[in-house]
Amino acid sequence: AVVSAEPGDLAGLRVLVSAGGTREPIDPVRYIGNRSSGKQGVALAVAAAERGADVVLIAAHVDGQVLAEASGRSGIRVVRAGTAAELADVVFAESADIDVVVMAAAVADFRVADVSPRKLSKEGRARGLRLDLVENVDILAGLVERRRDGQTVVGFAAETAQEDELLERGRRKRARKGVDLLAVNEVGWSKGFESDDNALHIIDGHGEVVAEPKGSKREVADALWDAVLSVR
Ligand code: CTP
Ligand code: CA
């Protein structure tokens with residue numbers, strides 16, 4: 001792998017990375033989830049630790065083999081979260097004295113309003129099943145709201161759009177979220193998820209594309225940390 005940065009250039013930096021995807025329960029055995037594997041988030045945590053940062057990795061249903069890359073490694077503390085609400089609690093509690101927060105986790109926008117305490121049965125449901133969903137807290141917005149001096153907040157955006165539209169959506173989302181950096185990537189049925197490679201468009205606080213790394217999730221992670229250093 002080609003690593004552009006000097007080792008140790010993140011020394012002294014306290015970083016928090018969220019990774020994976022939340023699961024929102026329907027009943028004790030079922031959930032609403034998403035396809036995030038956690039690979040990019042874990043690669044970000046590992047890259048930061050290897051470059052000297054103190055890392056808190058908040059893992060939401062990261063695949064066990066993927067998480068093993070990070071857990072037990074010096075410089076990384078792993079905290080688990082399951083639902084968006086749990087992730088919000090952990091991220092807000094852990095981010096107070098953090099220098100850089102990277103929200104790489106795929107957070108469910110909605111949760112089931114009334115989680116059934118018993119396994120739902122199809123008995124008596126010949127006409128189908130409707131679930132009422134309510135909006136989850138926007139963790140990234142909350143982080144920006146309580147951002148303290150010197151804290152850098154980075155978001156991710158997976159979009160099913162290409163080229164100009166992808167960047168256009170990214171710029172709008174960057175502005176709406178008020179983050180210092182937004183890393184935008186294209187996803188689709190067979191693109192972006194579970195893959196070992198990724199391609200990002202990194203947009204800064206002025207809406208400028210500051211980097212467009214493409215390669216292994218580790219290479220892309222290093223480019224994101226380079227971009228973080230460039231805006232701090
Ligand atoms: N995010 C978050 N809390 C949520 C939803 C999203 O912190 N409840 C974070 C994600 O971790 C990501 C960023 O916000 O870093 C952008 O997520 P995305 O789903 O692209 O943005 P949304 O504002 O939810 O917009 P959309 O309607 O496109 O889903
Ligand atoms: Ca969303």
Side-chain angles (χ1 to χ4, degrees), residues 10 13-24 31-51 53-95 98-109 136-143 152-159 177 179-187 191-200 202 213 215-225 227-228:
L10 300 181
L13 217 58
R14 293 160 298 187
V15 312
L16 182 152
V17 178
S18 70
T22 66
R23 291 181 183 173
E24 307 302 318
Y31 60 84
I32 298 174
N34 62 70
R35 291 177 56 203
S36 174
S37 64
K39 280 183 186 170
Q40 186 62 71
V42 167
L44 281 159
V46 170
E50 284 183 0
R51 289 167 66 165
D54 242 328
V55 182
V56 183
L57 172 62
I58 318 288
H61 301 285
V62 173
D63 172 87
Q65 268 189 3
V66 175
L67 192 59
E69 307 257 308
S71 45
R73 199 181 262 267
S74 82
I76 303 184
R77 181 162 59 87
V78 177
V79 183
R80 287 165 188 271
T83 63
E86 285 169 17
L87 184 62
D89 286 347
V90 180
V91 168
F92 292 144
E94 294 281 348
S95 60
I98 290 286
D99 302 307
V100 185
V101 181
V102 180
M103 282 298 295
V107 186
D109 291 327
N136 280 325
V137 61
D138 189 326
I139 304 169
L140 198 57
L143 285 167
T152 305
V153 179
V154 182
F156 264 77
E159 305 282 355
K177 296 271 177 184
V179 288
D180 300 296
L181 290 172
L182 186 74
V184 184
N185 71 304
E186 187 193 334
V187 292
K191 193 164 192 159
F193 297 109
E194 291 121 30
S195 160
D196 290 321
D197 294 319
N198 203 2
L200 298 182
I202 304 175
S216 69
K217 286 187 172 172
R218 171 55 193 262
E219 286 167 331
V220 162
D222 275 312
L224 187 81
W225 290 118
V228 166

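Since the structure is predicted, the reported quantities are computational estimates derived from the model, not experimental observations.
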*Asks:* Return the minimal non-hydrogen interatomic distance between Ala81 and Val90, and the atom names on each side.
*Replies:*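 Closest approach of Ala81 to Val90: CB-CG2, 4.5 Å.
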*Asks:* Which pair of heavy atoms, one from Ser74 and one from Ala49, lies closest together, and at what distance?
*Replies:*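 Closest pair (atom of Ser74, atom of Ala49, distance): O-CB, 4.1 Å.
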*Asks:* Identify the heavy atoms of Val187 and Gly192 that sit nearest to each other, and give their distance.
*Replies:* CG1-CA, 4.3 Å
*Asks:* Starting from the C-alpha separation in whole Å, work towards a yes-or-no answer on side chain to side chain contact (heavy atoms under 4.5 Å, CB included) for Glu159 and Glu186.
*Replies:* CA-CA 5 Å; Glu159 305 282 355; Glu186 187 193 334; over 6 Å; no
*Asks:* Kindly compute the distance separating CZ (Phe156) from CG (Leu224), expressed to the nearest 0.5 Å.
*Replies:* 5.0 Å
*Asks:* Is any side-chain heavy atom of Lys217 less than 4.5 Å from a side-chain heavy atom of Asp196?
*Replies:* no
*Asks:* Just so I know, are the side chains of Val154 and Asp180 near enough to count as touching, which here means a heavy-atom distance under 4.5 Å?
*Replies:*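 When only atoms from C-beta onward are counted, Asp180 and Val154 do not touch, as no gap falls below 4.5 Å.
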*Asks:* Under 6.0 Å from the OH atom of Tyr31, do we count more than 12 heavy atoms belonging to anything else shown?
*Replies:* no
*Asks:* With rounding to the nearest 0.5 Å, note down the distance linking OG1 in Thr22 to NE2 in His61.
*Replies:*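 Interatomic distance, Thr22 OG1 to His61 NE2, rounded to 0.5 Å: 7.5 Å.
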*Asks:* Of the options Val17, Ile58, Leu16, which is the one that meets Val101 in a side-chain contact (heavy atoms from CB on, under 4.5 Å)?
*Replies:*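 For Val101, the side-chain contact (heavy atoms from CB on, under 4.5 Å) check succeeds only for Leu16.
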*Asks:* Could Arg73 and Glu50 be called an ion pair, given the rule that one side-chain N must be under 4.0 Å from one carboxylate O?
*Replies:*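 Salt bridge between Arg73 and Glu50, a charged N being under 4.0 Å from a carboxylate O: yes.
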*Asks:* I want to check something: taking the side chain as every heavy atom from C-beta on, are Leu57 and Leu67 in contact at a cut-off of under 4.5 Å?
*Replies:* yes
*Asks:* Rounded to the nearest 0.5 Å, how far apart are CG of Asp54 and CG of Leu13?
*Replies:*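 Reported value, rounded in 0.5 Å steps: 9.0 Å.
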*Asks:* Is a side-chain N or O of Trp225 found less than 3.5 angstrom from the main chain of Leu44, in a donor-acceptor match?
*Replies:* yes
*Asks:* Between Thr83 (side chain) and Glu86 (backbone), is there a donor-acceptor pair under 3.5 Å?
*Replies:*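 Checking the backbone N and O of Glu86 against the side chain of Thr83, a donor-acceptor pair under 3.5 Å is found.
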*Asks:* Backbone N or O of Asp222 within a donor-acceptor pair of the Arg51 side chain at under 3.5 Å?
*Replies:* yes
*Asks:* Would you say Val42 and Val62 make side-chain contact, with heavy atoms under 4.5 Å?
*Replies:*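 Of all side-chain heavy-atom pairs linking Val62 with Val42, at least one is under 4.5 Å.
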*Asks:* Closest heavy-atom contact between Ala84 and Val107?
*Replies:*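 Where Ala84 meets Val107 most closely, the heavy atoms are CB-CG1, 3.6 Å.
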*Asks:* Quick one: which residue pairs count as a salt bridge (charged side-chain N to carboxylate O under 4.0 Å, His left out) with a foot in residues 13-23, not counting sequence neighbours?
*Replies:*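 For residues 13-23: Arg14-Asp99.
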*Asks:* Of all heavy-atom pairs between Ala221 and Ala47, which one has the smallest distance, and what is that distance?
*Replies:* CB-CB, 4.1 Å
*Asks:* Just wondering, do Asn136 and Glu24 contact through their side chains at under 4.5 Å, heavy atoms?
*Replies:*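 The answer is yes; the side chains approach within 4.5 Å.
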*Asks:* Could you please spell out the steps behind the side chain to side chain contact (heavy atoms under 4.5 Å, CB included) verdict for Asn198 and Lys39?
*Replies:* CA-CA 10 Å; Asn198 203 2; Lys39 280 183 186 170; over 6 Å; no
*Asks:* Does the distance from a Lys or Arg side-chain N to an Asp or Glu carboxylate O, for Arg77 and Glu94, drop under 4.0 Å?
*Replies:* yes
*Asks:* Roughly how far, to the nearest 0.5 Å, is the CG atom of Leu87 from the CD1 atom of Ile139?
*Replies:* 4.0 Å
*Asks:* What heavy-atom pair brings Val15 and Ala48 nearest, and what distance separates the two atoms?
*Replies:* CG2-CB, 4.0 Å
*Asks:* How many angstroms lie between CD in Gln40 and CG in Asp197, if you round to the nearest 0.5 Å?
*Replies:*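 The distance works out to 10.0 Å.
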*Asks:* Please tell me if the side chains of Val153 and Leu140 come closer than 4.5 Å, counting only heavy atoms from C-beta onward.
*Replies:* yes
*Asks:* Considering only heavy atoms from C-beta outward, does the side chain of Ile98 approach that of Val56 to under 4.5 Å?
*Replies:*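 Yes. Closest side-chain heavy atoms under 4.5 Å.
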*Asks:* Does any part of the side chain of Ser95, heavy atoms only, come nearer than 4.5 Å to the side chain of Leu143, both counted from C-beta?
*Replies:* yes
*Asks:* Roughly how far, to the nearest 0.5 Å, is the OG atom of Ser37 from the CD atom of Glu194?
*Replies:* 6.0 Å
